[in-house]
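What you are looking at is a predicted structure, and each value in this text was computed from that prediction instead of being measured. Quick note on labels: first sequence line is chain A, next is B, and so on, each numbered from 1.
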Amino acid sequence: MATITYREALNQALAEEMERDPDVFLMGEEVALYNGAYKVSKGLFDRFGERRVVDTPITELGFTGLGVGAAMVGLRPVIEFMTFNFSMLALDQVFNSAAKLHYMTAGQFHCPIVFRGPTGAALQLSAQHSQAMESTYAHYPGLKVCTPATPADAKGLLKASIRDDDPVVFMEGELLYNVKGEVPEDDDFVIPLGLAEVKRAGDDVSIITHGKMVHVALQAAAALEKDDVSAEVLDLRSIRPLDVDAILATVKKTNRAVYLEEGWPFVGIGAQVIDTIQQEAFDHLDAPLARVTQADVPMPYAKNLEKLAKPSAERVVAACKRVLL
Amino acid sequence: MATITYREALNQALAEEMERDPDVFLMGEEVALYNGAYKVSKGLFDRFGERRVVDTPITELGFTGLGVGAAMVGLRPVIEFMTFNFSMLALDQVFNSAAKLHYMTAGQFHCPIVFRGPTGAALQLSAQHSQAMESTYAHYPGLKVCTPATPADAKGLLKASIRDDDPVVFMEGELLYNVKGEVPEDDDFVIPLGLAEVKRAGDDVSIITHGKMVHVALQAAAALEKDDVSAEVLDLRSIRPLDVDAILATVKKTNRAVYLEEGWPFVGIGAQVIDTIQQEAFDHLDAPLARVTQADVPMPYAKNLEKLAKPSAERVVAACKRVLL
Amino acid sequence: MARSMASAARAKQSDQRELNGRKGEKRLEGYDRAELHDLVHQMILGRRFEEKAAEAYALGKIGGFCHLYIGQEAVTVGSFAALRPDDYVITAYREHVQALVKGITPRAVMAELYGKADGCSGGKSGSMHLYSAEHDFLGGWGIVGGQIPMATGVGFAIRYRDEDRVCLCFMGEAAVNQGAFHESLNMAALWKLPVIFIVENNRFGMGTAWERASSLYDIAQKAHAYDMPSAVADGMDVFDMRDRVKEAVDRARAGEGPTLIEARCYRFMGHSMSDPVHGVYRTKEEVEEHKVKDPIRAFIDRLKDADMLTDDELKAIDERVRAEVDDAAEFAESSPEPPPEALYEHVYSEINSHGRLFADRLDRLPEGASPPASMTAGGDDDGGEGS
Amino acid sequence: MARSMASAARAKQSDQRELNGRKGEKRLEGYDRAELHDLVHQMILGRRFEEKAAEAYALGKIGGFCHLYIGQEAVTVGSFAALRPDDYVITAYREHVQALVKGITPRAVMAELYGKADGCSGGKSGSMHLYSAEHDFLGGWGIVGGQIPMATGVGFAIRYRDEDRVCLCFMGEAAVNQGAFHESLNMAALWKLPVIFIVENNRFGMGTAWERASSLYDIAQKAHAYDMPSAVADGMDVFDMRDRVKEAVDRARAGEGPTLIEARCYRFMGHSMSDPVHGVYRTKEEVEEHKVKDPIRAFIDRLKDADMLTDDELKAIDERVRAEVDDAAEFAESSPEPPPEALYEHVYSEINSHGRLFADRLDRLPEGASPPASMTAGGDDDGGEGS
Ligand SMILES: Cc1ncc(C[n+]2csc(CCOP(=O)(O)OP(=O)(O)O)c2C)c(N)n1
Ligand SMILES: Cc1ncc(C[n+]2csc(CCOP(=O)(O)OP(=O)(O)O)c2C)c(N)n1
Ligand SMILES: [Mg+2]
Ligand SMILES: [Mg+2]
């Protein structure tokens, strides 16, 4: 085990998978010469050269479709969106080409591609640059969606995603890149998609969440402990496939749950998880399931408003107390 | 009252609003000379001329953004997507420009624009042409989303949408265009957004739905009647604003509900409505809330598979019986 | 309207000017009789196949959208004559003839149109979405312009692997206005990818004449914006198509990058089965004027004039085609529907062993059918309590 | 890399060739002294304002992304000199100076950068998103290329209303590769909309030199793909910018449609505050070489040479600017934060009286604050049972 950052973990995953499989290449804006806008690809251009680490023009639709075409004939592209906000320009190629290609060709072709980059808000980047897009992607069958919260998960899940034969939308977080954690040094450290993880065990209430919000949930759980409330934190890690077993297990244990997510409430991931819980563990619920989300507004710039808009540990604590009433 | 088709109702709404307000114009592919791919704009080019009924090149991103720019300086564009499937190319302009413009400018500018066209599947149009996009749009604050099921609703809601100062995503259905119904002849027949309507009253179970599926729900309710089950059908009519009052009222009456929608299950509209119900009417529920959706797959072409994939009255009947167990 | 007429006139002039120069060339040189007969066969097969499809559509055996290629056959037959079998082709939804000429059997194409299990896309996709991995035929896409970035990716993969294959990317002229075209041509030129972009300018995108959709008539000229070679080809002439494409293919194989080719042609039928041949956006006279230049008749006449085809030979080809097409229709008719299990098959190729990939109830599966592994992992699915 | 060097050399040549011809023209003719001093004021205000912003950023008073315009001032000052006050401007995120020159007060711009209630976007949007309805300044957009279709819509609205206004649309050279550029220029040319597309070619899109992103160096040439007039302007020269833009504006007002102008300039600072001025993608020498041609110094020297500006006059302008900028910073500092109610304000302009527009719990509103009507309609929101 080594203690490294989330950024380094992603970098290792990329380097190892490129080493392992000559068909893997990385493409996106500023990924090569500049080493990545957030330095995730640091050193890869020097190591693998311009054939396999490719700077693109600013043409999200174009290079996304390029990736899909390359995947269709057998390469394994990793396409970096500088941030997922910009992927809105490319959704047609993701939804209409990547997600449907295997199905439409009745299995004759595969689409082994990873779309990755940071999702959600960083600090004061304002409305167009602060959007969490998990829900937008997870709606479409044919895609897998992955949201690692820790360096180990980042590495293990990225390796799994690159080895996956289907399109995987791999969502990181700008505010996660400097997070440190222990990561196994094994070259074949792979975490399969579809396995949630209990990041903190507890008995009274479940905080179910994914991605960056795992850290907020852990803060909230720590705060709740002071009030003698034992909160369990379940990190979904991937949203498609969804680890329904783990969700039901924690709910059946605590009988009360809060879904925490970074994105907007309307048809957020929480809505889907709550629907699943009420369908499959109805009799185990002692109280309505609660949600904590971003305020249902475009993200404002002003520091005070942005703070107010984002989900916070305090809001999670309040929600847990509400469901414990 | 006159009995007209859904198509004619939309056509009347467009004509009347264009007559009423010289700032309203219609733009899209084939809307002018060809009278619309589905003939919704029939006669409007002849009547209003090429200044106000404008054929575009096939450039969804471009003409969507053009509409947003025109709206920003005070026009009231109605932008037709030949089908909403093609709007995937334009989502950036809808999400990043239209939805956020009023907020980002702190209210200095408005974006009075309507995006309209058919959503969802017709018959055997295959995966890329058969997508219901309500959930994709409704997630984004700043947008309103409207889904009329009948000619009267189509007319009244389109007029309200055109008069609205905010961007409205107005979703029709290819299979609805020939549906007939009574429509008031009053030029000021406007149905405000945010008002659901009980399309059939009942006592035992609520079928909550929107858009094209209202007709499937009514079929199911008729079938259930034969088995002495009295089903209430609630048509949301608009998804944003969401008529939570009406949803809670029907659930409190029947204590059992099924959400029926045309789209995919994962973070579908049903997930959000169910979340709302369980949060606000938890103690009124006698059984888990059920959902009927499209199969969670890209829409297949083969007649038998397409039929299997779509929601149907039989599936709704089965779901109602399940929640009534 | 005045403006449209003026530009239509301009358009015509330019059509003539560009193409006149090449009429005198000796195009038949280098072909042997068998090769030429093969091309005749391809042309007639394309035509008759689609006539049969139109009949089947009228009878309700084919559903959804169905876009006929009648009148444009020379574009494909000529272009493909410049290819090797291992070259890639990717295209839009008006692609029956391209699928056939690339080698997919009439049976597999017709069965796909019928939505049957033996279709080249398993019956899952229909007329607009024909595929064959075996023939490097990459489809068959329905979003106008969507195939262009993908073609660029195929070119990228060829260069990545240091192969000397090429990728032919077909599109209608209306796709040229899409942003995807611009983004793709820039990348293809920047990285010198072996892609040949062939624009089938059949004058209309649905009901919109090209000059009502583009501020510039000459599509080939758009290549200047990317510093890319381009050519205008006579899309009614097999030989001209073949020659222009061959030049581009040679350049691409030599590592010299992409080419944009504008193939001037004309759609004889309506946009799709529901669109009348003429009426709203073009006159009967205009259509008739073009039909006189039918590319199949012109090609046959040329071969006959050059003594490369006799009436008897033609008759034999035609009979063979009719038999093939009848056989295809019978085959499609008797091919089974896809099984219900196919509904959930091929959504994912890797069914992860953990979690659920599908969010629905899966009660559409017939009793006894085995669902993909992912469906059952993670709790049962009958709406009751989880496992 | 070899290729990049070659194209850089090509680029330079072409820079020279295009721009040389115009150096001898008598650019100062027709300006009076006051007008010229006004331009000097605009240039210096732009520069000093941004220097102040950079300081404030370093102190943490400004957050998020902040993109400085230092080195490119002549592009804006020259272009806007060709406009009427009622003309529209729309642009990207590197727009402080454009906002100022269009007439938004330094106070309102600085307060916006500070995220304060008196900011020109109410503190809601920050550096990248400055707006003023009063000044027809339409922002301020962060998606590369996103403003180009909107500009086309503004042009459409002008023509729709039969006005003789124009819309100036600024973009960085990297935006030219976006599909939005292609789609917009085609429509603008097709419909002869009064839009002037000004590409600020500052040589880099973040760390990517233009020749590494485009297969064609000459941006003005891209206009040929749309049959649109175009020009190359010296973006370091106020007069050249003004003249090229004036020609385009005149054409646009006369109903002759859009123009594409490539303004060759150079970014003196890093892409944004976190990007070093040089190192990875350009050398210190390269930056210094361009700084020698500082557009402000060049402009001042020119006026002095022509006896249109004295040292004292310059000093007075500079002092005035310093006072304005200090005042702006003080104003921004003391302006209040936006009130918490602002969070839910302006998401919608019409708060429908039925149903809920917001799906969250709204418990972020301070006690006693009145929420938009839509929030309370349709059931209470404390998570208990509905009304
Ligand atoms: C993005 C998108 N917009 C609109 C459509 C609807 N549509 C299908 S074909 C077509 C016309 C395309 O014309 P062209 O590219 O010239 O090809 P042709 O049909 O003439 O072969 C349109 C508008 C679509 N399929 N995709
Ligand atoms: C669609 C999109 N992709 C990527 C980005 C990230 N980004 C911001 S600025 C920029 C470079 C743009 O360069 P250019 O257009 O030349 O403008 P300049 O910054 O030089 O003024 C990039 C890649 C973005 N904002 N939007
Ligand atoms: Mg066409
Ligand atoms: Mg630049």
Side-chain angles (χ1 to χ4, degrees), chain A residues 23 25 51-52 54 56-57 59-75 77 92-93 96-97 102-112 141-142 144 164-166 192-196 238 240-248 252 272 276 279-284, chain C residues 88 90 119-125 129 131-134 136 138-143 146 148-158 160-161 167 179-180 182-184 186-187 190-191 342 345-350 352-359 374 377-380 383-387:
Chain A
D23 285 338
F25 70 96
R51 176 169 158 273
R52 298 185 65 195
V54 186
T56 63
T59 52
E60 281 80 4
L61 180 68
F63 67 73
T64 299
L66 186 156
V68 177
M72 191 175 187
V73 296
L75 296 188
D92 171 65
Q93 285 292 340
N96 274 323
S97 303
H102 187 58
Y103 196 75
M104 290 174 67
T105 66
Q108 292 180 78
F109 294 91
H110 298 261
C111 191
K144 296 175 181 175
D164 202 292
D165 275 339
D166 292 315
L193 270 60
L195 271 185
S238 73
R240 262 207 202 220
L242 183 70
D243 190 347
V244 178
D245 275 348
I247 293 170
L248 297 178
K252 288 179 187 177
Q272 179 64 25
T276 307
Q279 278 198 37
E280 307 196 18
F282 189 74
D283 294 333
H284 294 270
Chain C
Y88 293 105
I90 188 166
C120 60
S121 311
K124 272 181 155 157
S125 296
H129 309 296
Y131 304 93
S132 170
E134 183 192 340
D136 294 311
L138 308 178
W141 296 95
I143 303 298
I148 315 176
M150 294 174 73
T152 310
V154 175
F156 182 90
I158 294 171
Y160 189 92
R161 292 178 164 147
C167 178
H182 177 69
E183 300 187 5
S184 301
N186 179 48
M187 286 189 291
L190 181 63
W191 298 327
E345 231 175 287
H346 304 310
V347 180
Y348 296 98
S349 38
E350 278 192 15
N352 302 68
S353 44
H354 305 281
R356 277 192 216 163
L357 279 169
F358 298 90
S374 70
D380 72 9
E385 293 175 20
S387 57

Visitor: To the nearest 0.5 Å, how far apart are OG1 in A:T105 and NZ in C:K124?
Guide: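 So the gap between those two atoms works out to 9.0 Å.
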Visitor: Could you check which of C:E134, C:M150, C:H182 has the highest count of heavy-atom pairs closer than 4.5 Å to chain A?
Guide: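 Heavy-atom pair counts peak at C:M150.
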Visitor: Does C:E345 reach the main-chain N or O of A:G107 with its side chain, forming a donor-acceptor pair under 3.5 Å?
Guide: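 Side chain of C:E345 to backbone of A:G107, a donor-acceptor pair under 3.5 Å: no, none is there.
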Visitor: Looking at A:L66, A:T59, A:T56, A:T64, which one forms a side-chain contact (heavy atoms from CB on, under 4.5 Å) with C:E183?
Guide: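 Exactly one candidate clears the test, A:T59.
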Visitor: For C:A151, which atoms come within 4.5 Å of any heavy atom of chain A: side chain, backbone, both, or neither?
Guide: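 Neither part, no heavy atoms under 4.5 Å.
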Visitor: Counting N and O atoms only, with roles assigned by atom type, does the side chain of A:R240 sit under 3.5 Å from a partner on the main chain of C:L357, one being a donor and the other an acceptor?
Guide: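 Yes, the answer is positive, given that a donor and an acceptor are paired below the 3.5 Å cut-off.
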Visitor: As an exercise: rank A:V54, A:D165, A:N96, A:T276 by heavy-atom pairs under 4.5 Å with chain C and give me the winner.
Guide: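 Most pairs with chain C among the choices: A:D165.
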Visitor: Any idea which heavy atoms bring A:P192 and C:H354 closest together, and the distance?
Guide: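 Heavy atoms of A:P192 and C:H354 come nearest at CB-CD2, 3.7 Å.
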Visitor: Can you find a heavy atom in the side chain of A:M72 that is under 4.5 Å from one in the side chain of C:Y88?
Guide: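 The answer is no; the side chains never approach within 4.5 Å.
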Visitor: Can you tell me how far OG of C:S349 sits from NE2 of A:H110, rounded to the nearest 0.5 angstrom?
Guide: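 Reported value, rounded in 0.5 Å steps: 5.0 Å.
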Visitor: Is chain C contacted by the side chain of A:Q272, its backbone, both, or neither, given a heavy-atom distance below 4.5 Å?
Guide: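 Contact with chain C: side chain only.
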Visitor: Could you walk me through whether A:Q108 and C:S132 pass the side-chain contact (heavy atoms from CB on, under 4.5 Å) check?
Guide: CA-CA 7 Å; A:Q108 292 180 78; C:S132 170; 4.3 Å; yes
Visitor: Which atom names give the shortest non-hydrogen contact between A:G62 and C:M187, and what distance separates them?
Guide: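 The pair with the smallest heavy-atom distance is C-CE, 3.4 Å.
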Visitor: Of the backbone (N, CA, C, O) and the side chain (C-beta and beyond), which part of C:D136 lies under 4.5 Å from a heavy atom of chain A, both, or neither?
Guide: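 For C:D136, neither part sits under 4.5 Å from chain A.
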Visitor: Mind ranking A:I247, A:D92, A:L195 by heavy-atom pairs under 4.5 Å with chain C and telling me who comes out on top?
Guide: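 Of the options given, most contacts go to A:L195.
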Visitor: In terms of the angle between their ring planes, are C:F156 and A:F25 parallel, tilted or perpendicular, with boundaries placed at 30° and 60°?
Guide: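 If you compare the ring of C:F156 with that of A:F25, the planes turn out tilted.
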Visitor: Under a 4.5 Å heavy-atom cut-off, does chain A meet the side chain of C:C167, its backbone, both or neither?
Guide: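 Contact with chain A: none, neither part.
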Visitor: Name the member of A:G142, A:A246, A:S238, A:P112 that forms the most heavy-atom pairs with chain C at distances under 4.5 Å.
Guide: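 The residue among A:G142, A:A246, A:S238, A:P112 with the greatest pair count is A:G142.
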Visitor: Are any non-hydrogen side-chain atoms of A:D23 and C:R161 less than 4.5 angstrom apart?
Guide: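 Result yes, sub-4.5 Å side-chain heavy-atom pair found.
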Visitor: Kindly indicate whether the side chain of A:F109, heavy atoms from C-beta on, has any atom under 4.5 Å from the side chain of C:L138.
Guide: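 In short, these two side chains touch, coming nearer than 4.5 Å.
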Visitor: Please give me the minimum heavy-atom distance between A:A106 and C:S121, naming the atom from each residue.
Guide: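 Looking at all heavy atoms of both residues, the closest pair is CB-O, 3.3 Å.
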